**Student:** 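Take a look at the following structure, please.
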Amino acid sequence: MADEKELRYDPATIEPKWQKRWAADPKLYAAEPATSGKPKYYVLEMLPYPSGQLHMGHVRNYSIGDALARHMWMRGYNVLHPMGWDAFGLPAENAALKNHTPPREWTLSNIAGMKRQFERLGMGFDWATEVTTCLPDYYRWNQWFFLRMYERGLAYRKKSKVNWCPECATVLANEQVIDGCCWRHEGTMVEQRDLVQWFFRITAYAQELLDGLDKLDGWPEKVRTMQRNWIGRSEGTEVDFFLEEINQGSGIREQGTGNRDQGSEKTRIRVFTTRVDTIFGATSVQLAPQHALVAAFTAADSKLKAQVDELIEQQKKAREAGDLGAIEKHGVATGRFAVNPYNGEHVPIWVANYILADYGTGAIMSVPGHDERDFEFAAKYGLPIVEVIRPAGQDSPAELPFVSEDGVLVNSGEYSGLSCEAAQKKLQEVAALGAFGEPKVTFRLKDWGVSRQRYWGTPIPMIHCERDGIVPVPDEQLPVLLPEQIEITQQGGSPLARVPEFVNVTCPQCGGPAKRETDTMDTFVDSSWYFYRYTDAKNSKAPFDPAIAQYWFPIDQYIGGVEHAILHLIYSRFWTRVMRDLGLVKNDEPVFRQFSQGMVIKDGAKMSKSKGNVVSPDDMVARFGADSARMYSLFAAPPDRDIDWQEDGVAGVSRFLGRVWRLVTKHAAAARNGRGQSTAAPTGLSLKLLRKLHQTTAKITLDFEGRWHFNTCVAAIMELVNDLQAADAQLTAGEVPATAMWELLRTLVLLLAPFAPYLAAELWEELGEEGAILRAPWPESDPGLAREDEIEIPVQINGKLITLVRVAAGADPKAIEAAALADEKVQSRSAGKTVVKVIVVPGRTVNLVVK
RNA sequence: GCGAAAGUGGCGGAAUUGGCAGACGCACCAGACUUAGGAUCUGGCGGAGCAAUCCAUGGGGGUUCGAGUCCCCCCUUUCGCACCA
């Protein structure tokens, strides 16, 4: 025997040894070209932000993906398993302020450190296709896409109310505002500011993005629901109420905003409703406090103005508290009236704090009889409540508000008697004929605001010329490079605006003096298409070669945190459609199957710096080894659930790997003697162990095919090892032939390979195998061998378990019944009673119904 | 308020099709061994009971020969949405 030290499983020796060997073999994890003849498999995990440290959430995410990638390699697939860095973003600027390290330097050094962590963890990434989004060879294509989108009217500039985070000193997209606060600064209220911004016209694809969700059945329903909610389609009707001209000459006509369409803007109020069938029940019209018409009303009425200002203030407060839904309804009557275009009825015009200016037309018709909110409001202010819909087939009114669409119209003039659905259609037709309304689809989804007043992002490739206006940077001048030596501050707009060498350019059209756009792009632009770049990462002529992308896309399996369910995943789906319309790709969707893994929890809370419950991967690797840390993150719970990080659990996995190591090293010599030979008709202990082996193989193989309960895969391997260990004395005594030993140990190592790649590589070599275990075929389970020949069947009397009987595996119901009835316990329990019925489920159970 | 997921030993979890509840691991208890280690090995480990046996999957009903699993009502937790007209 070798000296004592070698008798211990020592990941600190094994893992660096293999890490070095793998690093020396760049082809190991490299994807092959389309001509490989193998089926392709693109497995992708979301790329990390290079903060400087991997955290346990990363370890978990990448352990899942790496296990899958390794399994697919062993199944003979051509696997693309790339990695990159979401490398632009504000933390680099904050670090620059704090440490006086330039963002680029800080970012690249973080990347180097995290790459070392990845390699130490033994992640099988093809670094040859690494993508780093902050480097010009990547972000130039952001600019190129921006220009293509500008040409197609998909990128445009407008002045609008935007979300401004005072902490970030930049604007945020709607998607980045959570409960009224910045997504990066939980306690920081987002302010509303008026700014000119660049937008991507994602709304042009709203319907398609919604429809596409139906086909994404490889996505979690939860994610699809979140996206549906976010897109927020609602189908309805826009209808004009006419403004009743009271107090003639008092000024409606003379006042107002001026440059809008005179007629429609001032004499009509356009409302959006999904229930035009209830319009005969409208007893008021409600305007958002910011509605243009309100300004016209208040201009001549300072008392009204004060009241409206109060409504605006209430709305603002509620919005900032992130609880717009809980706002206490307040309203104020304007004293004006509007005319219902269908029946000529005059209804009062109110201004209310629960009406949103930026949804629909910013005005509604209030139908208290058939809408909860309108009912509440009308009850509070004593407005009339009218029944216009009655449940189908009923003679008496339902209790109001009755909001169902399953009903017929009453009190609705010539439309009475129509079903809700028929009435909606009819009323829309009438509105169209009378030119006072039309069917309308409204989306909650807004265009994607991409301008950021920050330095560390992709410069927007536009030039402002005094003569020619906005001029795109010509393609041949790309990339517009970020200047390197600049002073980072967080005040007074974009840092780039203070770099004259950057700002001052000549206009590409007239050659005169001009200024560059100084805003940079939202970093979600980077992550919207990075996975295409992986397929052709070195291309300097195009973002990627469409033919190569077509081979790899769509991504077969994407794995990441559920926190990206809307932002990143909806932008990516949008971007893919834009690229499709540019002719770059043929797929509509980037991702075929999407998986959202659970969070890593410690002491009841998500691991985070602020909670002080962070466990460092480096620490875990140093103490237990990468294999143990990875395997624990798979063993603790199924991948879609949150896992509870328990250090004793990691130690337990580490002990288990130690048992595997000892078992295999101890019997490796015996196994090598049976190398390459198949076991002929095993019997006794060999049969028992091989049966367990083949059952384990079948179970793990099945799980990789979809269920992904890797926790039970690890448990199954543990059971197998427990069985082998229990037979250790017999194995040592040579009771199991070498051929069987060979199959047992070799297959065990193969099964372990996706979960504990270092140990598997070490033991693979220990068994005398050459070449990477990744290239070895995944073991196949022999169903004949896996099948038990004798099974235990539970016997119940009246549904209660009495005993177990042993029968042959294929025993027919008669034989099972006979065995059950012959059992001693069964006989004593049923003595003196009548067996009324016997239920036999072959292979499962026997139940005697006894009286 | 609406929607989804979940609730099983001291803990993480298992039970894939309605068929032995608690696999596997942690913690704990007892023992063995010792080169005294973050070791290893053996056994035990839901509750009550000497035992036979009984009770037990958030609570209450139901369907069924049989329910952790299906149906109804309720409670709790997490997540998403929330005056979106």
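Convention: sequence-line order gives letters A, B, ...; per-chain numbering from 1. Keep in mind that this is a model prediction, so the values were computed, not measured.
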**Student:** Check whether any side-chain nitrogen or oxygen of A/R655 sits under 4.0 Å from OP1 or OP2 of B/C26, and answer yes or no.
**Tutor:**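 Yes.
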**Student:** Is it the case that atom CD in A/E421 sees more than 12 heavy atoms from other parts of the structure closer than 6.0 Å?
**Tutor:**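 Result for CD/A/E421: open.
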**Student:** If we take the C1' atom in both B/A15 and B/U63, what is their distance in whole Å?
**Tutor:**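 That atom pair is separated by 22 Å.
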**Student:** Which one, B/G19, B/G38, B/A82, comes nearest to the side chain of A/I839?
**Tutor:**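 Nearest to the side chain of A/I839 among the choices is B/G19.
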**Student:** Just N and O in the side chain of A/N711: are any of them under 4.0 Å from OP1 or OP2 of B/G25?
**Tutor:**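 Negative; the distance criterion is not met.
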**Student:** In this structure, is the centre-to-centre distance between the rings of A/F377 and A/Y354 below 6.0 Å?
**Tutor:**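 Yes; A/F377 has its ring centre under 6.0 Å from that of A/Y354.
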**Student:** Check A/A67 against A/L634 and note the closest heavy-atom contact, atom names and distance.
**Tutor:**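 Here A/A67 and A/L634 meet closest at CB-CD1, 4.4 Å.
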**Student:** Taking the minimum atom-to-atom distance to the side chain of A/N722, which one of B/G66, B/U17, B/G25 wins?
**Tutor:**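 Out of B/G66, B/U17, B/G25, the nucleotide with an atom closest to A/N722's side chain is B/G25.
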**Student:** Mind listing the N/O atom pairs, protein and nucleotides 53-56 of chain B, below 3.5 Å?
**Tutor:**
residue : atom : partner : partner atom : Å
B/C55   : OP2  : A/K800  : NZ           : 3.1

**Student:** Report the distance from atom CG of A/D371 to atom C1' of B/G1, rounded to the nearest whole Å.
**Tutor:**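 To the nearest whole Å, that distance equals 14 Å.
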**Student:** Please, what dot-bracket string fits RNA chain B when only Watson-Crick and G-U pairs with both distances under 3.5 Å count, crossing ones use [ ] and pairs to another strand use |?
**Tutor:** (((((((..(((......[....))).(((((.......))))).(((....)))..(((((..]....))))))))))))....
**Student:** Tell me whether B/G9 sits syn or anti, counting syn as a glycosidic angle within 90° of 0.
**Tutor:**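 Syn conformation for B/G9.
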**Student:** With heavy-atom distances below 4.5 Å as the criterion, would you say the side chains of A/V795 and A/D823 are in contact?
**Tutor:**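 Of all side-chain heavy-atom pairs linking A/D823 with A/V795, none is under 4.5 Å.
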**Student:** Measuring only between side-chain heavy atoms, which start at C-beta, is A/V653 closer than 4.5 Å to A/V650?
**Tutor:**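 No, side chains not in contact.
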**Student:** Check the distance between B/A39's P and A/D10's CG and give it to me in whole angstrom.
**Tutor:**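 From A/D10 CG to B/A39 P: 16 Å.
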**Student:** Heavy-atom distance under 4.5 Å between the side chains of A/W350 and A/I355, does that happen here?
**Tutor:**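 They are not in contact (no side-chain heavy atoms under 4.5 Å apart), so the answer is no.
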**Student:** Whole Å only: how far is the CD atom of A/Q646 from the P atom of B/G13?
**Tutor:**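 Rounded to whole Å, this separation is 8 Å.
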**Student:** Could you pull out every donor-acceptor pair under 3.5 Å between side chains of residues 830-838 of chain A and any protein atom, sequence neighbours left out?
**Tutor:**
residue : atom : partner : partner atom : Å
A/S830  : OG   : A/V826  : O            : 2.7

**Student:** Which of the following nucleotides, B/C24, B/A27, B/G38, is nearest to the side chain of A/D648?
**Tutor:**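 The listed nucleotide nearest to A/D648's side chain is B/A27.
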**Student:** Which nucleotide sits closest to the side chain of A/S234: B/U16, B/C65, B/A85?
**Tutor:**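 Of B/U16, B/C65, B/A85, B/A85 is nearest to the side chain of A/S234.
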**Student:** Looking only at side-chain atoms of A/T273, point me to the closest of B/G19, B/A85, B/A14.
**Tutor:**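 For A/T273, the side-chain atoms sit closest to B/A85.
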**Student:** When you compare the side chain of A/F443 with that of A/Q207, does any pair of heavy atoms fall below 4.5 Å?
**Tutor:**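 A/Q207 reaches A/F443 side chain to side chain.
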**Student:** If we take the P atom in both B/C20 and B/U57, what is their distance in whole Å?
**Tutor:**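 Rounded to whole Å, the distance is 15 Å.
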**Student:** Figure out the CD1/P separation between A/I601 and B/G13, and round it to whole Å.
**Tutor:**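 One finds 10 Å between P of B/G13 and CD1 of A/I601, rounded.
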**Student:** Determine the contact category for A/G360: base if any of its heavy atoms lies under 4.0 Å from a base atom, sugar-phosphate if only primed atoms, P, OP1 or OP2 are that close, otherwise nothing.
**Tutor:**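 No contact.
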**Student:** CZ of A/F635 versus P of B/A14: gap in Å, rounded?
**Tutor:**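 From A/F635 CZ to B/A14 P: 10 Å.
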**Student:** Considering only nitrogen or oxygen atoms on both sides, find all protein atoms under 3.5 Å from nucleotides 41-45 of chain B and state each distance.
**Tutor:**
residue : atom : partner : partner atom : Å
B/C41   : OP1  : A/Q725  : NE2          : 2.9

**Student:** Any side-chain heavy atom of A/K666 within less than 4.5 Å of one from A/T732?
**Tutor:**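 Contact flag for A/K666/A/T732 side chains = yes.
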**Student:** Quantified in whole Å, what is the C1' atom distance between nucleotide B/A14 and nucleotide B/G7?
**Tutor:**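 Pairwise C1' distance, B/A14 against B/G7, rounds to 16 Å.
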**Student:** Just compare B/C65, B/G38, B/U16 and give me whichever is closest to any side-chain atom of A/D703.
**Tutor:**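 Selected nucleotide (nearest to the side chain): B/U16.
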**Student:** Would you classify A/I793 as touching base, sugar-phosphate or nothing, given that sugar-phosphate means primed atoms plus P, OP1 and OP2, and contacts are heavy atoms under 4.0 Å?
**Tutor:**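 Here A/I793 touches no strand at all.
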**Student:** Is the NZ atom of A/K688 crowded by more than 12 outside heavy atoms at less than 6.0 Å?
**Tutor:**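 Check fails, neighbour count at 12 or below.
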**Student:** Nearest to the side chain of A/R641, heavy atoms from C-beta on, is which of B/A85, B/A14, B/G38?
**Tutor:**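 Per side-chain heavy atoms of A/R641, the pick is B/A14.
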**Student:** With RNA chain B as reference, determine whether A/M718 or A/P794 sits nearer its 5' end, using the nearest nucleotide of each.
**Tutor:**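 Result of the comparison: A/P794.
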**Student:** Rounded to the nearest Å, what distance is computed from the OH atom of residue A/Y632 to the C1' atom of nucleotide B/G13?
**Tutor:**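 Nearest whole value for this atom pair: 10 Å.
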**Student:** If we only count heavy atoms from C-beta on, is the A/Q594 to A/P220 side-chain gap below 4.5 Å?
**Tutor:**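 They are in side-chain contact.
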**Student:** Within less than 4.0 Å of OP1 or OP2 of B/U17, is there a side-chain N or O belonging to A/R707?
**Tutor:**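 For B/U17, OP1/OP2 do not have a side-chain N/O of A/R707 under 4.0 Å.
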**Student:** Between A/D214 and A/R228, is there a side-chain N and carboxylate O pair less than 4.0 Å apart?
**Tutor:**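 Salt bridge present between A/D214 and A/R228.
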**Student:** If we take the P atom in both B/C54 and B/G43, what is their distance in whole Å?
**Tutor:**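 Approximately 29 Å lies between the P atom of B/C54 and that of B/G43.
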**Student:** Select one nucleotide: of B/A23, B/G13, B/G12, the one nearest the side-chain heavy atoms of A/E719.
**Tutor:**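 For the A/E719 side chain, the nearest candidate turns out to be B/A23.
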**Student:** I'd like to know if the side chain of A/N353 reaches the main chain of A/H330, judged simply by a donor and an acceptor atom lying under 3.5 Å from each other, with no hydrogens or angles considered.
**Tutor:**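 Yes, because the side chain of A/N353 sits within donor-acceptor range (under 3.5 Å) of the backbone of A/H330.
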**Student:** For A/Q827, look at atom CD and say whether over 12 heavy atoms of other residues, nucleotides or ligands are found less than 6.0 Å away.
**Tutor:**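 Enclosed: over 12 neighbouring heavy atoms sit under 6.0 Å from CD of A/Q827.
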**Student:** Which nucleotide sits closest to the side chain of A/H709: B/A14, B/A85, B/G19?
**Tutor:**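 The closest nucleotide is B/A14.
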**Student:** Less than 4.5 Å apart, any side-chain heavy atom of A/I279 and any of A/T273?
**Tutor:**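 No, every pair of side-chain atoms sits at 4.5 Å or beyond.
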**Student:** Give the rounded distance in Å between these two atoms: CZ of A/F710 and C1' of B/A23.
**Tutor:**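 Computing the A/F710:CZ to B/A23:C1' distance gives 19 Å.
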**Student:** Whether A/T712 contacts B/A23 is assessed here as follows: a side-chain N or O lying under 4.0 Å from the phosphate OP1 or OP2. Is that the case?
**Tutor:**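 False: A/T712 side-chain N/O out of range (4.0 Å or more) of B/A23 OP1/OP2.
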**Student:** Looking only at atom P, what distance separates B/A52 and B/C74, rounded to whole Å?
**Tutor:**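 Between the two P atoms, the distance is 43 Å.
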**Student:** Tell me what A/A636 touches on the nucleic acid: a base, only sugar-phosphate, or nothing, going by heavy atoms under 4.0 Å.
**Tutor:**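 Sugar-phosphate contact only.
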**Student:** Taking only the C1' atom of each, what is the distance from B/G38 to B/A56 in whole angstrom?
**Tutor:**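 Looking at atom C1' only, B/G38 and B/A56 are 37 Å apart.
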**Student:** Of all the choices, B/G19, B/A85, B/G37, which nucleotide is nearest to the side chain of A/R8 once you look at every atom?
**Tutor:**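 Within the option list, the nearest is B/G37.
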**Student:** How close or far is atom P of B/C81 from atom OH of A/Y359, stated in whole angstroms?
**Tutor:**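 Value for this atom pair: 16 Å.
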**Student:** If the P atom of B/C81 is compared with that of B/G68, how far apart are they to the nearest Å?
**Tutor:**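 36 Å, rounded to whole Å.
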**Student:** Considering residues at least two apart in sequence or located in another chain, which fulfil the side chain to side chain donor-acceptor pair (under 3.5 Å) criterion with A/E405?
**Tutor:**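 For A/E405 the side chain to side chain donor-acceptor pair (under 3.5 Å) partners, ignoring immediate neighbours, are A/Q424.
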**Student:** Within the sub-3.5 Å range, which N or O atoms of nucleotides 77-80 of chain B have a protein N or O partner, and how far apart are they?
**Tutor:**
residue : atom : partner : partner atom : Å
B/C79   : O2'  : A/K222  : NZ           : 2.6

**Student:** Could you give the distance separating B/G37 and B/A23 at their C1' atoms, to the nearest angstrom?
**Tutor:**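 Between the two C1' atoms, the distance is 30 Å.
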**Student:** Can you name the nearest heavy-atom pair linking A/S284 to A/L383, along with the distance?
**Tutor:**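 Scanning both residues, the minimum pair turns out to be OG-CD1, 4.0 Å.
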**Student:** Let me know which of A/F595, A/F635, A/F704 forms a ring-ring contact (aromatic ring centres under 6.0 Å, His included) with A/F710.
**Tutor:**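 Testing each of A/F595, A/F635, A/F704 against A/F710, the sole residue satisfying ring-ring contact (aromatic ring centres under 6.0 Å, His included) is A/F704.
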**Student:** Starting at the 5' end of RNA chain B and moving along, which residue's nearest nucleotide shows up first, A/D358 or A/T845?
**Tutor:**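 Mapping each residue to its closest nucleotide by heavy atoms, the 5'-most match is A/T845.
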